[in-house]
A.B. asks: 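Here it is, the structure in full.
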Amino acid sequence: MPIRDAFPGLRVYRPNPQSMTLHRAIEYARFPVVLSGSRAGKTWAVSHDSTERICRDIIKFRDTVRQRKQRWPYLRYWFVAPTTELTDEMRDVFFMIIGGINDRLHRWEAKTQKLWFKHLPLMIHFKSVHNLESIKAVGCNGIVADEMPSMKKGVLSRLMMRLTDRVGWMIMDGTPEGRNWYYRDVLKAAMEGDKKYHYVKFTTVGNVAAPELVAEALEMKKYMTERDWKREFEGDVSSFTGLVFPEFDPDKHIVAAVPPARLALLKTAGIDWGWSAPGAFEAIRFMNPAEGFSRREIYVHDEHYAERTHVLDDDEVKGDTWESIIRRVHERDSLHRVYGDPEEPENIAALSRRFQNSGKDKLIIRSAILPKKDSRSKAGSSAYFARSISLLAKLLEVDRLFIGQDCPGLRDNFLTWEFKEDEETPKRGNDHGIDAVRYGVLDLLRMTHERYVYRIQQEIPHEHISGITANVRTARL
């Protein structure tokens, strides 16, 4: 059968101008990289572009058959996405292009999500790649990777390996997720003109095929900051420069398993009390270099993140309290000390009395305050605030601070905490877990801490710890 008869959707497809920037590269671009705003039409454009590429591959394949140079029995393509839902969306668009499943033309295997063409040497496999082990060692002639910025680190290399023996192509698309592995390894290179890639940008306003959507996006300008609007509707990666912790990379700093407490040199916790706003408890292990942790790693491993958490256990209080949370972690880990936000000294005093009288469960609970001789003493002061943020940033930069996967609140804080429009001071409100960690690592800011084997003041440049400034950006330079 004529090749394009198998894809009737191609005959009625009318690309818009930004779609054409992708389609014009078919002849020479092996690895197109599509950066897209929300609902900018990239799935529709990428599906048609990949279908056109498949048609051209079939023509070349038939030529190899006629010349008796055929290297494989049929052409294989993968359409992959980070979740099953996104994979289903891609499959539905492709089914529209082929005019729906026709038993005379196709064989659809619902269990394996494979589509075979009965009159063409062609198989399409729709796959979710949330599990890296599902990327089996088979060769592919082409791959469509939808929402690749949301995929796990390691996916790219495995997909590239599937293309090697057949010299296949791959279209990568998605809305940016911050400066993660995809930004570093793919998007930045494509934007800077790396000849390996062909960079294309889709914006929501550029999706002229959907005027109602364009109008909606423009209307949203009234209700969103310019930075947020550009990120959402223009796929603007420059908007990520306003993050307080651009050093934070979930692929590196989120870990599935945290070393056990018995291997830790110091075990602390920090509490940001909260009430109407969420409060946060973050437990921290400072690993012992004598136990094999030569880089002296620090792990945040346990979290409580909720609103309206009472301080003390009481017969009338239902659910967790700060006391019960501390006691539970202390019984398991034998904490050395807990630091609380000094803005609520009565909470610290009440908890301290409870744990001072706990016999073998005795625990030191303190305000997050530096020694009195240090004029920058209070944890809530701008100087301490700047110093502690600077310290966390440096620990992330040198890959010494890690977060367990059971701390989603802290993870979201690191990913989204931004500076104010003046780009000098951070916004408050999305930082509760970070505040708790700042209190919990207070000992690293105590320059006189006894026999502290981390020698943090030697391993990290001194200005990152003791630089005194109310300007957070200056403190971090």
Side-chain angles (χ1 to χ4, degrees), residues 9 12-24 32-49 81-83 85-90 92-93 96-97 144-151 171-180 182-183 187 190-191 199-244 246 276-278 307 411-431:
V12 297
Y13 173 56
R14 297 293 180 268
N16 62 38
Q18 64 183 6
S19 299
M20 286 304 301
T21 62
L22 172 64
H23 303 327
R24 292 192 190 103
V33 175
V34 181
L35 177 65
S36 174
S38 177
R39 298 190 295 171
K42 54 92 178 168
T43 301
W44 190 248
V46 166
S47 296
H48 284 82
D49 193 83
T83 66
E85 291 77 11
L86 289 171
T87 307
D88 290 346
E89 182 180 336
M90 275 201 303
D92 293 343
V93 172
M96 292 174 65
I97 295 173
V144 179
D146 186 45
E147 293 299 340
M148 201 165 196
S150 299
M151 295 183 188
I171 304 176
M172 295 166 271
D173 71 57
T175 301
E177 292 284 333
R179 300 199 171 206
N180 60 0
Y182 180 75
Y183 174 81
L187 188 55
M191 294 172 67
Y199 172 63
V200 179
K201 185 174 181 180
F202 279 43
T203 67
T204 309
V205 175
N207 187 8
V208 295
E212 299 87 356
L213 182 59
V214 172
E216 179 184 337
L218 293 173
E219 178 70 15
M220 290 302 295
K221 271 191 170 182
K222 300 177 183 178
Y223 310 104
M224 301 173 69
T225 64
E226 182 178 5
R227 177 184 297 161
D228 291 343
W229 189 87
K230 285 184 175 181
R231 181 184 304 172
E232 179 68 18
F233 296 108
E234 292 187 351
D236 182 23
V237 293
S238 67
S239 60
F240 289 103
T241 58
L243 295 175
V244 177
S276 56
E307 297 177 357
R411 174 188 181 276
D412 289 345
N413 284 179
F414 274 119
L415 280 172
T416 60
W417 197 27
E418 296 180 312
F419 283 98
K420 295 178 181 178
E421 294 301 323
D422 60 13
E423 296 192 350
E424 293 184 353
T425 53
K427 299 176 182 177
R428 302 314 305 262
N430 193 31
D431 56 351

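Predicted, not measured: the structure shown is a model, and the values here were computed from it.
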A.B. asks: Among all residues two or more places apart in sequence or in another chain, which pass the side chain to side chain donor-acceptor pair (under 3.5 Å) test with Asp88?
C.D. replies: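 Applying side chain to side chain donor-acceptor pair (under 3.5 Å) to Asp88 gives Arg91.
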
A.B. asks: Nearest 0.5 Å, please: how far is CG in Leu243 from OG1 in Thr416?
C.D. replies: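 Thr416 atom OG1 to Leu243 atom CG measures 8.0 Å (nearest 0.5 Å).
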
A.B. asks: Are side-chain heavy atoms of Pro17 and Val208 found at a separation under 4.5 Å?
C.D. replies: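 Yes, their side chains come closer than 4.5 Å.
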
A.B. asks: Under the salt bridge (charged side-chain N to carboxylate O under 4.0 Å, His left out) rule, collect the residues that match up with Asp412, sequence neighbours excluded.
C.D. replies: none

A.B. asks: Quick one: side-chain contact (heavy atoms from CB on, under 4.5 Å) partners of Pro149, sequence neighbours excluded?
C.D. replies: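 For Pro149 the side-chain contact (heavy atoms from CB on, under 4.5 Å) partners, ignoring immediate neighbours, are Glu177, Tyr182.
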
A.B. asks: Could you list the residues that satisfy side chain to side chain donor-acceptor pair (under 3.5 Å) with Thr83, not counting sequence neighbours?
C.D. replies: none

A.B. asks: List the atom of Lys201, the atom of Gly235, and the distance in Å for their closest heavy-atom pair.
C.D. replies: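 Result for this residue pair: CE-O, 4.4 Å.
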
A.B. asks: What residues, two or more places apart in sequence or in another chain, satisfy salt bridge (charged side-chain N to carboxylate O under 4.0 Å, His left out) together with Glu89?
C.D. replies: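 Expected list: none.
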
A.B. asks: Considering residues at least two apart in sequence or located in another chain, which fulfil the side chain to side chain donor-acceptor pair (under 3.5 Å) criterion with Ser19?
C.D. replies: Asn16

A.B. asks: When you compare the side chain of Arg39 with that of Asn207, does any pair of heavy atoms fall below 4.5 Å?
C.D. replies: no

A.B. asks: Report the residues that fulfil salt bridge (charged side-chain N to carboxylate O under 4.0 Å, His left out) with Glu212, sequence neighbours left out, ordered by chain and then residue number.
C.D. replies: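 So Glu212 forms no salt bridge (charged side-chain N to carboxylate O under 4.0 Å, His left out) with any residue.
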
A.B. asks: Locate the shortest heavy-atom distance separating Pro15 from His23; write the atom from each residue and the value.
C.D. replies: CB-CD2, 3.7 Å

A.B. asks: If you define the side chain from C-beta out and look only at heavy atoms, does anything of Asp146 sit under 4.5 Å from Val46?
C.D. replies: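 No, side chains not in contact.
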
A.B. asks: If I take atom OG1 from residue Thr203 and atom CG from residue Asp236, how far apart are they, to the nearest 0.5 angstrom?
C.D. replies: 11.0 Å

A.B. asks: Just jot down the side chain to side chain donor-acceptor pair (under 3.5 Å) partners of Glu147, sequence neighbours excluded, or say none.
C.D. replies: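 Per chain and number, Glu147 pairs via side chain to side chain donor-acceptor pair (under 3.5 Å) with Lys42.
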
A.B. asks: Between Leu187 and Tyr199, is there a side-chain heavy-atom distance shorter than 4.5 Å?
C.D. replies: yes

A.B. asks: So, using ring pair (Phe, Tyr, Trp, His ring centres under 6.0 Å) as the criterion, who are the partners of His48 when residues are at least two apart?
C.D. replies: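 With neighbours one apart ignored, the set is Tyr13, Trp44.
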
A.B. asks: Over all heavy atoms of both residues, which pair between Asn413 and Asp431 is shortest? Give the atoms and the distance, please.
C.D. replies: OD1-C, 3.5 Å

A.B. asks: Identify, with sequence neighbours excluded, every residue that meets side-chain contact (heavy atoms from CB on, under 4.5 Å) alongside Thr204.
C.D. replies: Ala40, Leu213, Ala217, Phe233

A.B. asks: Can a donor-acceptor pair be found, under 3.5 Å and without considering hydrogens, that links the side chain of Thr175 to the backbone of Ser36?
C.D. replies: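 Yes, Thr175 side chain to Ser36 backbone: donor-acceptor pair under 3.5 Å.
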
A.B. asks: Going by salt bridge (charged side-chain N to carboxylate O under 4.0 Å, His left out), name the residues that satisfy it together with Arg411, two or more places apart in sequence or in a different chain.
C.D. replies: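 None.
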
A.B. asks: Could you measure the distance from the CD atom of Glu216 to the NZ atom of Lys221? Nearest 0.5 Å is fine.
C.D. replies: 14.5 Å

A.B. asks: Can you name the residues that form a ring pair (Phe, Tyr, Trp, His ring centres under 6.0 Å) with Phe202, not counting sequence neighbours?
C.D. replies: none

A.B. asks: If you count the non-hydrogen atoms of other residues, nucleotides and ligands that lie under 6.0 Å from CE in Met96, is the total more than 12?
C.D. replies: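 Open: at most 12 neighbouring heavy atoms sit under 6.0 Å from CE of Met96.
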
